[in-house]
Amino acid sequence: AQSVTQLGSHVSVSEGALVLLRCNYSSSVPPYLFWYVQYPNQGLQLLLKYTSAATLVKGINGFEAEFKKSETSFHLTKPSAHMSDAAEYFCAVLNYGGSQGNLIFGKGTKLSVKP
Amino acid sequence: ETGVTQSPTHLIKTRGQQVTLRCSSQSGHNTVSWYQQALGQGPQFIFQYYREEENGRGNFPPRFSGLQFPNYSSELNVNALELDDSALYLCASSRTSGGYTDTQYFGPGTRLTVL
């Protein structure tokens, strides 16, 4: 069975500071991993995905994530936070052992950006 | 190219009633997945539809049912509503080909409140 764990339900950074959101996965098969962002009262927007190609994945809005098999991690980073980055971020793993593939999400990390 | 759309945006029902939520998939996509997101939680997989048939189900009771139409749009029906059914319901569309489901793209969601 696959799962993801997001460390820290709430992260606060200053504008211009490094953003680091942590995600660890558990999977018995090579994982497909995703980061989604959710702005208040909206659906989920795909930030980036890892599908066993390059271990460093670049996404939208300056975000990137690095797949580290030895650490079972897929942390999300952005060098310089912007006020518009304030949102909730979800890490997810694709469960392709059951149906054609459904996503298993972490509980989310709410990012606050201080001016 | 239109994205995933959902209707209605908001809905208020009373306990015991029935509700139908609708989703139009993104152009070129043939698979629809439904998720329930309770307040402060990550989305939970309800079920997935492919070729007009249920193609995987999460841990939800039978009173949650669905349909997929020839144009790949989908409905989620919930009977005998309970207070705990209050949540944001998210629809995601994707393309399945050769047994593999590609990235899921989410709609804006329907906020259901059960009183």
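It should be emphasised that the depicted structure is a prediction, and the values quoted were computed from it without experimental measurement.
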Should we say atom CD of B:Gln44 is surrounded by more than 12 heavy atoms from elsewhere, each under 6.0 Å from it?
-> no
Cut-off 4.5 Å, heavy atoms of chain A, and the answer for B:Gln37 is side chain
Hey, which of A:Gln45, A:Gln42, A:Lys107, A:Glu88 has the most heavy atom pairs under 4.5 Å with chain B?
-> A:Lys107
Contacting moiety of B:Phe47, where chain A heavy atoms sit under 4.5 Å | neither
Just one of A:Phe63, A:Trp35, A:Phe34 clears the ring pair (Phe, Tyr, Trp, His ring centres under 6.0 Å) bar with A:Tyr89, so which one?
-> A:Phe63
Go through the atoms of A:Gln6 and report whether side chain, backbone, both or neither lie under 4.5 Å from a heavy atom of chain B.
-> neither
In terms of hydrophobic clusters joined by side-chain contacts under 4.5 Å, are B:Leu39 and A:Val37 together?
-> no
Side chain, backbone, both or neither: which part of A:Leu46 has a heavy atom under 4.5 Å from chain B?
-> side chain
Would you please indicate yes or no on a ring centroid separation below 6.0 angstrom for B:Phe106 and A:Tyr36?
-> yes
So which of B:Gln104, B:Gln6, B:Gln41 has the largest heavy-atom pair count under 4.5 angstrom toward chain A?
-> B:Gln104
Kindly determine whether A:Lys58 and A:Glu64 satisfy salt bridge (charged side-chain N to carboxylate O under 4.0 Å, His left out), including the steps that lead there.
-> CA-CA 4 Å; A:Lys58 295 189 182 299; A:Glu64 63 182 35; 2.8 Å; yes
